[in-house]
Colleague: 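My questions all concern the structure below.
Values reported hereafter were calculated over all heavy atoms of this structure, with side chains retained and with hydrogens, waters and symmetry mates removed. Note that ligands are numbered from 1 as they come in the structure, with each ligand's atoms numbered from 1 the same way.
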Amino acid sequence: MARNKIALIGSGMIGGTLAHLAGLKELGDIVLFDIADGIPQGKGLDISQSSPVEGFDVNLTGASDYSAIEGADVCIVTAGVARKPGMSRDDLLGINLKVMEQVGAGIKKYAPNAFVICITNPLDAMVWALQKFSGLPANKVVGMAGVLDSSRFRLFLAKEFNVSVQDVTAFVLGGHGDTMVPLARYSTVGGIPLTDLVTMGWVTKERLEEIIQRTRDGGAEIVGLLKTGSAYYAPAASAIEMAESYLKDKKRVLPCAAHLSGQYGVKDMYVGVPTVIGAGGVERIIEIDLNKTEKEAFDKSVGAVAGLCEACINIAPALK
Ligand SMILES: NC(=O)C1=CN([C@@H]2O[C@H](COP(=O)(O)OP(=O)(O)OC[C@H]3O[C@@H](n4cnc5c(N)ncnc54)[C@H](O)[C@@H]3O)[C@@H](O)[C@H]2O)C=CC1
Ligand SMILES: O=C([O-])CC(=O)C(=O)O
């Protein structure tokens, strides 16, 4: 059986890490694409040269022409610009929207049957625009943020309680920005909701709120440390988890920026919600019950994403 083909559109920090992880996991043959000629070819060759040592058999190639992504089963999009200290993700909107227009056209022409995972920021608005520019079905275009934000929350909780990260689950919903919604009631240690752990005296409400705030600021914390760009190891691992669930039809329950058509009272927008990812793409959007406080926080986050979509329409009226 022929191998799957994975196209990585954008071969910068996340793109290179994606190629390495996808190779190590033998998810398929990998094409790195970038407008910066030489970078995708160089990274492809470098990672290929690690394959005899690591013992993986995949073809890794680099290209600066969209025809190279032809027939891809999965496209992971990181093309664009990352923020630097002092910037918000939203400051990237104008420049990255233009990139999404080019990427959307490339995918439409050469990989119309792919499952597309967008990572480029500001995430929820960019994946929304990419789906429209590409014309692919909404269930085949999804944004990566919730897996990353939830992973950060899980790590901070595991450290706080001195337990394995494997025994901590978390759901962070809403837009991938300052208004994201880490849900304590739906996040657990050994199956016990965080709200119960407060009652059991494991953690105070105040300390839990500090951990939640650190999660919300998780991207900015790394930007502040790196100074030259933003996080890439954890974002790449998160997107690979989504790609693997699609390629292996694992039907993982993962928080992703998915197209909503009435769920949670939201229409024609991408916002982080729990989904099931399998061979059909986004096979299900799980509508969990939100209490009044949670719903208010979620709606506020939806409002922030709606503002960004409006800003996109002002720049590119065809998106309306
Ligand atoms: N959704 C999420 O949770 C996260 C999103 N991000 C976002 O992911 C994006 C990529 O981040 P990095 O890989 O660190 O950035 P990077 O700057 O290392 O790589 C971006 C690559 O895109 C390429 N590029 C620029 N314009 C292009 C175009 N028109 N066509 C094709 N390639 C193009 C650049 O040449 C560069 O190699 C950024 O927008 C960043 O904000 C980063 C971390 C997490
Ligand atoms: O903070 C950034 O600019 C990159 C990002 O989205 C994250 O790491 O969560």
Colleague: For ligand 1, which part of Ala231 has a heavy atom less than 4.0 Å away: the side chain, the backbone, both, or neither?
Modeller: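 The answer is the backbone.
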Colleague: CG of Leu32 to CD1 of Ile39: how many Å apart, nearest 0.5 Å?
Modeller: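 With rounding to 0.5 Å, CG (Leu32) is 10.5 Å from CD1 (Ile39).
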Colleague: Counting N and O atoms only, with roles assigned by atom type, does the side chain of Thr120 sit under 3.5 Å from a partner on the main chain of Ala79, one being a donor and the other an acceptor?
Modeller: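 Flag set: sc Thr120 to bb Ala79 pair under 3.5 Å.
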Colleague: Among Gly12, Ala79, Ala236, Gly272, whose heavy atom sits nearest atom 32 (N) of ligand 1?
Modeller: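 It is Ala79 whose heavy atom sits nearest to atom 32 (N) of ligand 1.
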Colleague: Please classify the Met144 to ligand 1 contact at 4.0 Å (heavy-atom distances, strictly less than): side chain, backbone, both or neither.
Modeller: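 For Met144, the contact with ligand 1 is made by both the backbone and the side chain.
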Colleague: Taking the side chain as every heavy atom from C-beta outward, state whether Tyr232 and Thr78 have any atom pair closer than 4.5 Å.
Modeller: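 Of all side-chain heavy-atom pairs linking Thr78 with Tyr232, none is under 4.5 Å.
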Colleague: Among protein heavy atoms, which sits nearest to atom 8 (O) of ligand 2, and what does the distance come to when rounded to 0.1 Å?
Modeller: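 Of every protein heavy atom, Arg152 NH2, 2.8 Å lies nearest to atom 8 (O) of ligand 2.
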Colleague: Give yes if a backbone or side-chain nitrogen or oxygen of Pro235 is under 3.5 Å from a nitrogen or oxygen of ligand 1, and no if not.
Modeller: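 Looking only at distances, the answer is no, because the N/O contact criterion of under 3.5 Å is not met.
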Colleague: Quick one: do Asp29 and Arg3 make a salt bridge, cutoff under 4.0 Å?
Modeller: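 Salt bridge flag = yes for Arg3 with Asp29.
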Colleague: Checking salt bridge (charged side-chain N to carboxylate O under 4.0 Å, His left out) for the pair Glu244/Lys250: CA distance, chi angles, key distance, verdict?
Modeller: CA-CA 8 Å; Glu244 195 169 13; Lys250 283 173 74 81; 5.7 Å; no
Colleague: Among protein heavy atoms, which sits nearest to atom 41 (O) of ligand 1, and what does the distance come to when rounded to 0.1 Å?
Modeller: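 Among all protein heavy atoms, the one nearest atom 41 (O) of ligand 1 is Asn121 ND2, 2.9 Å.
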Colleague: Which residue pairs pass the salt bridge (Lys or Arg N to Asp or Glu O under 4.0 Å) test with at least one member in residues 251-266, sequence neighbours excluded?
Modeller: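 Every pair satisfying salt bridge (Lys or Arg N to Asp or Glu O under 4.0 Å) with a residue in residues 251-266: Glu241-Arg252, Asp249-Lys251, Lys251-Glu283.
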Colleague: Salt bridge check, Arg214 against Glu210: does any charged N sit closer than 4.0 Å to a carboxylate O?
Modeller: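 No, no charged N to carboxylate O under 4.0 Å.
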Colleague: Any atoms of ligand 2 less than 4.0 Å from a non-hydrogen atom of Gly219? List them with their elements.
Modeller: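 Counting atoms of ligand 2 from 1, those under 4.0 Å from Gly219 are 1 (O), 7 (C), 8 (O), 9 (O).
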Colleague: Salt bridge check, Glu101 against Lys98: does any charged N sit closer than 4.0 Å to a carboxylate O?
Modeller: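 Here Lys98 does not pair with Glu101 in a salt bridge, since their nearest N and O are not under 4.0 Å apart.
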Colleague: Run the numbers for me: atoms of ligand 1, each under 4.0 Å from some heavy atom of Ser230, listed by number.
Modeller: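 Those atoms are 42 (C).
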Colleague: Counting from 1, what ligand 1 atoms have a heavy atom of Leu148 closer than 4.0 Å?
Modeller: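 So the answer, numbered in order with elements, is 3 (O), 44 (C).
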Colleague: Looking at Ala231, which atoms of ligand 2 are within less than 4.0 Å of one of its heavy atoms?
Modeller: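 Checking each atom against Ala231, I get 8 (O).
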Colleague: Which ligand 1 atoms does Asn96 reach within 4.0 Å, using its non-hydrogen atoms?
Modeller: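 Here the atoms of ligand 1 in question are 39 (O).
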Colleague: Would you check whether Ile222 reaches within less than 4.0 Å of ligand 2, judged by its heavy atoms?
Modeller: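 No, Ile222 has no heavy atoms under 4.0 Å from ligand 2.
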Colleague: I need the nearest protein heavy-atom contact for atom 12 (P) of ligand 1: residue, atom name and distance, please.
Modeller: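 Protein heavy atom at minimum distance: Ile14 CG1, 3.8 Å.
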Colleague: Need the ligand 1 atom indices (1-based, order shown) with element for anything under 4.0 Å from a heavy-atom of Phe33.
Modeller: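 Within the 4.0 Å cut-off of Phe33, ligand 1 contributes 31 (C).
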Colleague: With no hydrogens and no angle check, is any side-chain donor or acceptor of Glu310 less than 3.5 Å from a backbone partner on Gly307?
Modeller: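 No.
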Colleague: Given 3.5 Å as the limit, does a donor-acceptor pair link the side chain of Thr179 with the main chain of Lys300, or not?
Modeller: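 Side chain of Thr179 to backbone of Lys300, a donor-acceptor pair under 3.5 Å: no, none is there.
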Colleague: For ligand 2, which atoms sit closer than 4.0 Å to a heavy atom of His176?
Modeller: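 What qualifies from ligand 2 is 5 (C), 6 (O), 7 (C), 9 (O).
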Colleague: Between the candidates Gly16, Ala234, Ser11, Gly80, which shows the shortest non-hydrogen contact distance to atom 25 (C) of ligand 1?
Modeller: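 Residue with the shortest heavy-atom distance to the ligand atom: Gly80.
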Colleague: Write out the residue and atom name of the closest protein heavy atom to atom 14 (O) of ligand 1, then the distance separating them to 0.1 Å.
Modeller: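 Checking every protein heavy atom, the shortest distance to atom 14 (O) of ligand 1 gives Met13 CB, 3.7 Å.
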Colleague: Got more than 12 heavy atoms from elsewhere within 6.0 Å of CD1, Ile95?
Modeller: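 No, CD1 of Ile95 has 12 or fewer neighbouring heavy atoms, counting only those of other groups under 6.0 Å.
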Colleague: Looking at atom 38 (C) of ligand 1, what's its closest protein heavy atom, distance included?
Modeller: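 For atom 38 (C) of ligand 1, the nearest protein heavy atom is Val81 O, 3.2 Å.
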Colleague: More than 12 heavy atoms of other residues, nucleotides or ligands under 6.0 Å from CG of Asp178: is that the case?
Modeller: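 Atom CG in Asp178 is not packed in, count stays at 12 or less.
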Colleague: Nearest 0.5 Å, please: how far is CG in Leu8 from CG in Asp34?
Modeller: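 Going from the CG atom of Asp34 to the CG atom of Leu8 covers 10.5 Å.
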Colleague: Could you measure the distance from the CG atom of Leu21 to the CG atom of Leu27? Nearest 0.5 Å is fine.
Modeller: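 Here the interatomic distance stands at 9.0 Å.
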Colleague: List the closest protein heavy-atom neighbour of atom 5 (C) of ligand 1: residue, atom name, distance to the nearest 0.1 Å.
Modeller: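 Checked against all protein heavy atoms, atom 5 (C) of ligand 1 sits closest to Ile119 O, 2.9 Å.
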Colleague: I want to know if ligand 2 touches Arg83 in the polar sense, i.e. an N/O pair below 3.5 angstrom.
Modeller: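 Yes - when backbone and side-chain N and O of Arg83 are compared with those of ligand 2, one distance drops under 3.5 Å.
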Colleague: Does only the side chain of Leu123 get under 4.0 Å from ligand 2, or the backbone, or both, or neither? Count heavy atoms.
Modeller: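 Looking at Leu123 and ligand 2, no heavy atom falls under 4.0 Å.
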Colleague: I need the nearest protein heavy-atom contact for atom 10 (C) of ligand 1: residue, atom name and distance, please.
Modeller: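 The closest heavy atom on the protein side is Thr78 O, 3.1 Å.
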Colleague: What part of Asp149, side chain from CB on, backbone N/CA/C/O, both or neither, has a heavy atom under 4.0 Å from ligand 1?
Modeller: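 Under 4.0 Å from ligand 1, Asp149 contributes no heavy atoms.
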Colleague: In ligand 1, which numbered atoms sit nearer than 4.0 Å to a non-hydrogen atom of Val99?
Modeller: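 With Val99 as reference, the close atoms of ligand 1 come out as 26 (N), 27 (C), 28 (C), 29 (N).
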Colleague: May I ask you to identify the nearest protein heavy atom to atom 29 (N) of ligand 1, giving residue, atom name and distance to one decimal place in Å?
Modeller: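 Nearest neighbour among protein heavy atoms for atom 29 (N) of ligand 1, to 0.1 Å: Gln102 OE1, 2.8 Å.
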Colleague: Counting non-hydrogen protein atoms only, what is the nearest one to atom 21 (C) of ligand 1? Give residue, atom name and distance.
Modeller: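 For atom 21 (C) of ligand 1, the nearest protein heavy atom comes out as Asp34 OD2, 3.6 Å.
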Colleague: Rounded to the nearest 0.5 Å, what's the gap from CG on Asn113 to SG on Cys75? Could you check?
Modeller: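 Output value for this atom pair is 10.5 Å.
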Colleague: Within the structure, is a non-hydrogen atom of Ile39 found at a distance of less than 4.0 Å from ligand 1?
Modeller: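 Per 4.0 Å heavy-atom rule, Ile39 does not contact ligand 1.
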Colleague: Enumerate the atoms of ligand 1 whose separation from the nearest heavy atom of Leu92 is less than 4.0 angstrom.
Modeller: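 Answer, ordered by atom number: 41 (O).
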Colleague: With a cut-off of 3.5 Å and sequence neighbours excluded, list every side-chain donor-acceptor pair involving residues 123-131.
Modeller:
residue, atom, partner, partner atom, Å
Asp124, OD1, His176, N, 2.7
Trp128, NE1, Asp268, O, 3.1
Gln131, NE2, Leu136, O, 2.7

